[in-house]
Amino acid sequence: MLRSIKGLKDILPQQTPQWRYMETIAHTLATQSGFSEIRIPIFEFTELYARSIGGSTDIVEKEMYTFPDRDGSSLTLRPEGTAGVVRAVLEHHLLDSPSTRKLYYLGPMFRHERPQAGRYRQFHQFGVEALGTEDPLMDVEVITLLWRFFCSLGLKDLTLQINSIGNLQDREKYIQELKRFLFPKLEVICGNCQRRYSTNPLRILDCKVPICQQATQEAPTLFDHLSLDSSSHFQSVLDGLTGIGIPFSLNYRLVRGLDYYSRTTFEITSPHLGAQSTIGAGGRYDGLVELLQGPSTPAIGFAVGLERVALLLPEQISFPQPPLFFLAGFGKEARPIAFKLLHELRELGIRADTDYKSTNLKSLLRSADKLGATYSIIMGDDEARSKTAIIRNMTTKTQELITLEEIAQKVQSLN
RNA sequence: GUGGGUGUAGCUCAGUUGGUUAGAGCGCCGGAUUGUGGAUCCGGAGGUCGCGGGUUCGAAACCCGUCACUCACCCCA
C-alpha cells in the first residue's frame with residue numbers, strides 16, 4: 001500500500017473541525033487587534049533562511065528541505081514564517097507607512113526532524129509579526145494576543161515564561177563570561193553540553209541533565225549583563241504585562257534557537273504534552289530586517305505550533321449546523337423526482353443530502369440516520385404517481401404526507 | 001543522527017511451556033421486518049499474523065536481519 005511520507009499527517013474529517021476552530025479564532029483575534037493577513041510562498045531561495053535563521057543553527061544545518069530548481073538555484077521549503085514575511089515586506093515596500101506594520105499568517109512549515117509526539121516534518125503555524133517599533137507596549141500587545149489566543153481556545157494550565165536575551169553586544173559579552181565560568185566545569189558536564197560549549201553555550205543553561213543544572217546553578221545570568229537600555233526595556237514589558245493582568249514567570253535561562261532573536265523572548269508551555277511542551281513562542285528580532293538589507297527596523301513576533309495546540313483541544317468539536325434534509329427516493333419513477341428535489345432544495349440554501357448506494361427504503365433510512373438527518377423526505381413510486389412525498393421527523397418519528405407543490409415551502413418553514 | 005517500545009481483521013486488542021481449522025469487541029453487509037432508521041436477536045464477509053531468513057516433526061509465538069510505526073535524546077512551534 002502507498003503510504004504518506006514519514007512525519008507527514010493527514011488531517012481527517014474527524015479532525016478538521018478542530019482545525020477550523022483554531023483557524024477561525026486566529027483570524028478573528030488577529031484581525032481584531034489590527035493585524036492583517038499575509039500569504040507568502042511555501043518555498044523561497046535557500047539563502048533567505050540561511051541568512052536569517054543562522055548558518056550554524058540545527059534548522060539550517062540539517063533540517064531544511066532544500067532542493068535545486070531546474071536552473072540550478074537552491075530552493076528551500078519554508079521552515080518558519082518570519083523570514084518570508086520580512087522578505088515580502090521589503091519586496092513590496094510595506095514599511096513605507098507611518099504606523100507599525102502588523103501582519104499575521106497561517107500555514108504549513110517543513111523541517112526534516114525525527115518525528116515524535118507533537119513534532120512533525122510538515123506542521124502548521126499561526127504567527128504574527130509587528131514591524132517598525134521597539135516600544136515595549138508592542139511587546140506586551142503581541143504577548144497578550146498570544147495569551148488570549150490560547151485562552152479563547154479554552155486551554156488550561158499554561159505557563160508564560162519570559163526573558164530578555166539582550167542585544168547582540170550584551171549577548172556576546174555574556175557568552176564570554178559564561179564560558180569563563182564553565183571552563184573549569186567542562187569535565188563534569190554531560191557530553192552534549194561539552195559540545196555545546198563551543199557551538200551554543202547558552203543552551204547549556206537549559207540542559208535537563210541534573211549534573212549540568214547543578215553546574216550552572218551559580219552561573220552568571222544574562223539578565224545581569226543586559227545593557228541599561230535592554231534592561232529598562234524589559235522592565236517596561238514586565239510592567240505592561242502586570243498592568244494588563246497576564247501572569248508570567250521570569251526564566252533567566254530561556255533561550256531561543258534562531259539567531260535573529262534579541263531582547264524580549266517568551267514561550268508558552270503546557271504540562272499536558274510530552275517532551276514538546278512549547279505551544280507558542282517568540283520574541284524581538286530587532287536586527288533581522290537590516291540583516292536582510294532593509295532599513296533598520298525593530299520588530300517582534302510569535303509563532304504557534306497548531307498540531308500541538310490541537311493535541312490539547314477536545315477531540316470532538318462541533319459547529320452548530322442547520323437541519324439536514326435527507327432525500328429518500330426509491331423506485332424507478334421516484335428516484336429522478338427525488339434527485340431533482342434535492343437539487344432544488346440546495347438551490348434554496350437548504351442543507352440536503354441523499355445516498356445513491358441505498359436503493360430500498362430501509363437502507364435509505366439507515367443512511368439518513370448515519371448522516372444525522374433531521375428530516376427524511378420519503379418518496380417511493382406510490383408518492384411519485386400521486387405527486388406527493390412524506391416528510392419524516394427523524395427524532396419524533398412523526399411523518400406527514402405533503403404534495404410536491406407545497407414541499408419547498410414546508411421544508412423552508414422547518415429549516 | 002542515537003536509544004527504548006510496538007507490529008495479529010477496516011479499528012481497539014486477546015492468543016497458555018511452540019501443537020493441528022488464529023479469536024473477541026466495535027465497525028461493515030444481510031436477515032428477523034416484501035415500503036420505515038437508531039435498540040435487540042440471528043447469520044455473513046473480512047487475515048501474506050509487517051517482510052526475509054533461521055531453529056524445529058511443527059512457529060503468530062523462539063533467534064537473526066530488515067522495514068514501518070511510536071516514544072525519548074537532540075532540536076524546536
Side-chain angles (χ1 to χ4, degrees), chain A residues 1 3-7 9 12 14 53 56-64 79-82 106-127 146 149-150 190-193 195-196 199-200 203 206-209 254-258 261 266-270 273-283 301-312 326 328-331 334 355 357-384 390-399:
Chain A
M1 203 203 310
R3 315 181 110 270
S4 71
I5 296 167
K6 185 200 269 284
K9 288 274 167 289
L12 300 174
Q14 244 200 331
I53 297 169
S56 63
T57 58
D58 274 18
I59 295 182
V60 171
E61 268 187 348
K62 43 194 189 196
E63 294 177 0
M64 294 204 305
E80 55 101 45
T82 303
L106 225 36
M109 308 294 165
F110 306 85
R111 294 182 198 173
H112 186 104
E113 301 181 272
R114 251 333 242 284
Q116 73 188 68
R119 198 173 77 183
Y120 310 99
R121 291 185 176 178
Q122 175 178 339
F123 59 102
H124 296 76
Q125 289 189 334
F126 158 49
L146 177 62
F149 174 65
F150 293 134
C190 74
N192 249 320
C193 285
R195 185 178 48 80
R196 286 174 175 138
T199 58
N200 194 353
R203 277 278 165 210
D206 62 0
C207 180
K208 285 149 207 149
V209 179
L254 182 68
V255 176
R256 301 273 74 228
L258 285 63
Y261 283 114
F266 51 92
E267 191 166 306
I268 292 183
T269 56
S270 162
L273 293 170
Q276 265 62 45
S277 58
T278 302
I279 54 175
F302 69 65
V304 173
L306 294 177
E307 275 79 2
R308 292 180 188 176
V309 174
L311 289 173
L312 297 171
F326 183 90
F330 59 104
D355 173 33
K357 263 176 82 178
S358 311
T359 50
N360 58 52
L361 183 54
K362 185 192 177 78
S363 55
L364 279 164
L365 284 174
R366 200 184 304 138
S367 301
D369 192 54
K370 287 214 179 95
L371 293 173
T374 332
Y375 297 93
S376 288
I377 297 173
I378 299 170
M379 198 187 297
D381 285 347
D382 294 351
E383 288 78 15
I390 297 165
I391 296 192
R392 177 179 176 85
N393 181 320
M394 296 300 281
T395 37
T396 64
K397 296 182 167 196
T398 53
Q399 48 189 51

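As the structure is a prediction and not an experimental result, all values here were calculated from the model. In what follows, every chain begins at residue 1, and chains take the letters A, B, ... in the order their sequences are listed.
- Across all strands shown, A:Met109 has no heavy atoms under 4.0 Å from either base or sugar-phosphate atoms.
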Worked check of side chain to side chain contact (heavy atoms under 4.5 Å, CB included) between A:Thr374 and A:Met394: CA-CA 6 Å; A:Thr374 332; A:Met394 296 300 281; over 6 Å; no
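- Residue contacts shown for A:Glu80 are absent, as no nucleic acid heavy atom lies under 4.0 Å away.
- Comparing B:U55 with B:C13, their C1' atoms are spaced 29 Å from each other, to the whole Å.
- The structure places CD1 of A:Ile59 at 11.0 Å from CE of A:Met109, a figure rounded to the nearest 0.5 Å.
- The residue among A:Gly380 and A:Ser363 whose nearest nucleotide of RNA chain B is located toward the 5' end is A:Ser363.
- Here, B:A32 and B:G37 have their C1' atoms 16 Å apart, quoted to the whole Å.
- Distances from the side chain of A:Gln276 to the nucleotides B:G37, B:C75, B:U36 place B:C75 closest.
- Considering every non-hydrogen atom in both A:Ile378 and A:Glu383, the closest pair reads O-CG, 4.3 Å.
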Using the 3.5 Å cut-off, write out each protein N or O paired with an N or O of nucleotides 2-7 of chain B and the distance between them.
residue : atom : partner  : partner atom : Å
B:U2    : O4   : A:Arg114 : NH1          : 2.8

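- From A:Arg119, atom CZ reaches atom CD of A:Glu113 across 4.5 Å, with rounding to the nearest 0.5 Å.
- Among the protein residues, A:Gln399 comes within range of the nucleic acid bases, having at least one heavy atom under 4.0 Å from a base atom.
- Counting all heavy atoms, side chain and backbone alike, A:Asn360 lies closest to A:Phe330 at CA-CB, 4.5 Å.
- Here B:C69 presents its P atom at 11 Å from CD1 of A:Ile5, a figure rounded to the nearest Å.
- A gap of 15 Å separates the C1' atoms of B:G27 and B:G38, to the nearest Å.
- Residue A:Ala117 is classed as a sugar-phosphate contact, given heavy-atom separations below 4.0 Å to backbone atoms only.
- You'll find that the side chain of A:Arg203 is closest to B:C75, out of B:G38, B:A77, B:C75.
- The residue A:Tyr120 sits close to a base: some heavy atom pair falls under 4.0 Å.
- Among the atoms of the strands shown, none is found under 4.0 Å from any heavy atom of A:Leu364.
- If A:Gly274 and A:Thr396 are placed on RNA chain B by their nearest nucleotide, the residue sitting closer to the 5' end is A:Thr396.
- Between the CD atom of A:Gln125 and the P atom of B:A77 there is a distance of 7 Å, given to the nearest Å.
- Distance noted for atom P between B:C74 and B:A39: 49 Å (whole Å).
- The nucleotide whose nearest atom lies closest to any side-chain atom of A:Ala275 is, among B:C73, B:A68, B:G35, B:C73.
- The shortest distance between the side-chain N/O atoms of A:Lys6 and the OP1/OP2 oxygens of B:C69 is below 4.0 Å.
- The CG-P distance, from A:Leu361 to B:G35, rounds to 8 Å in whole Å.
- Side-chain N/O atoms of A:Glu113 and base N/O atoms of B:G1 include no donor-acceptor pair closer than 3.5 Å.
- Considering every non-hydrogen atom in both A:Leu364 and A:Asp355, the closest pair reads CD2-O, 3.8 Å.
- Counting non-hydrogen atoms under 4.0 angstrom, A:Glu383 reaches a base of the nucleic acid.
- Side-chain contact check for A:Gln276 and A:Gln116: at least one donor-acceptor pair (N or O, by modelled atom type) lies under 3.5 Å.
- The distance between atom CD of A:Glu267 and atom P of B:C75, rounded to the nearest whole Å, is 13 Å.
- We find that the ring of A:Phe330 and the base of B:G35 do not stack by the test of centres under 5.5 angstrom and planes tilted less than 30°.
- B:A68 sits 10 Å from B:C51 when the C1' atoms are compared, rounded to a whole Å.
- Residue A:Asp58 has its side chain nearest to B:C74 when only B:C74, B:G37, B:C69 are considered.
- Across all their heavy atoms, A:Gln125 and A:Gly81 have their closest contact at OE1-N, 4.2 Å.
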Quick one: which protein N/O atoms are closer than 3.5 Å to N/O atoms of nucleotides 26-29 of chain B? Pair and distance per line, please.
residue : atom : partner  : partner atom : Å
B:C28   : OP1  : A:Lys370 : NZ           : 3.2

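- For the pair A:Glu307 CD and B:C76 P, the interatomic distance rounds to 18 Å; values are reported in whole Å.
- Taking atom P on both nucleotides, B:G50 is separated from B:U16 by 14 Å, rounded to a whole Å.
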From CA spacing to verdict: side chain to side chain contact (heavy atoms under 4.5 Å, CB included), A:Arg111, A:Phe123: CA-CA 8 Å; A:Arg111 294 182 198 173; A:Phe123 59 102; 3.6 Å; yes
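- For A:Asp382, the side-chain atoms get nearest to B:G35 when compared with the rest of B:G37, B:G35, B:A68.
- Screening A:Leu146, A:Ile279, A:Leu254 for a side-chain contact (heavy atoms from CB on, under 4.5 Å) with A:Glu267, the sole residue that qualifies is A:Leu254.
- Annotation: B:C76 and B:G7 have their C1' atoms spaced 29 Å apart (nearest Å).
- A straight line from CZ of A:Arg121 to P of B:C69 spans 9 Å, rounded to a whole angstrom.
- In this structure, A:Gln116 reaches the B:C73 phosphate: one of its side-chain N or O atoms is under 4.0 Å from OP1 or OP2.
- Within the nucleic acid shown, A:Gly118 comes within 4.0 Å of at least one base atom, counting heavy atoms only.
- The CZ atom of A:Arg114 lies 13.0 Å from the CD atom of A:Glu63; values are rounded to the nearest 0.5 Å.
- Residue A:Arg119 places a side-chain atom within donor-acceptor reach of the base of B:C74, judged by atom type and a 3.5 Å distance cut-off alone.
- Whole-Å rounding puts the A:Lys62 NZ to B:C74 P distance at 12 Å.
- Shown here for A:Gln399 and A:Ile390, the closest heavy-atom pair between the two residues is CB-CG2, 3.6 Å.
- OP1 or OP2 of B:U70 has at least one side-chain nitrogen or oxygen of A:Lys9 nearer than 4.0 Å.
- When all heavy atoms are compared, the tightest approach of A:Ser376 to A:Leu365 is OG-CD2, 3.8 Å.
- Heavy atoms from other residues, nucleotides or ligands lying under 6.0 Å from CG of A:Leu12 number more than 12.
- For the P atom pair drawn from B:C71 and B:G58, the interatomic distance equals 40 Å after rounding to whole Å.
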Intra- and interstrand pairs of RNA chain B - dot-bracket, Watson-Crick/G-U under 3.5 Å, | marks other strand: (((((((..((((.....[...)))).(((((.......))))).....(((((..]....))))))))))))....
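- The base of B:C76 sits within donor-acceptor range of the side chain of A:Arg308, with an N or O pair under 3.5 Å.
- Within the nucleic acid shown, A:Asn360 has no heavy atom closer than 4.0 Å to any nucleic acid atom.
- Rounded to an integer number of Å, the gap from A:Ile378 CD1 to B:G35 P is 13 Å.
- Within 4.0 Å of A:Ile390, counting heavy atoms only, lies at least one base atom of the nucleic acid.
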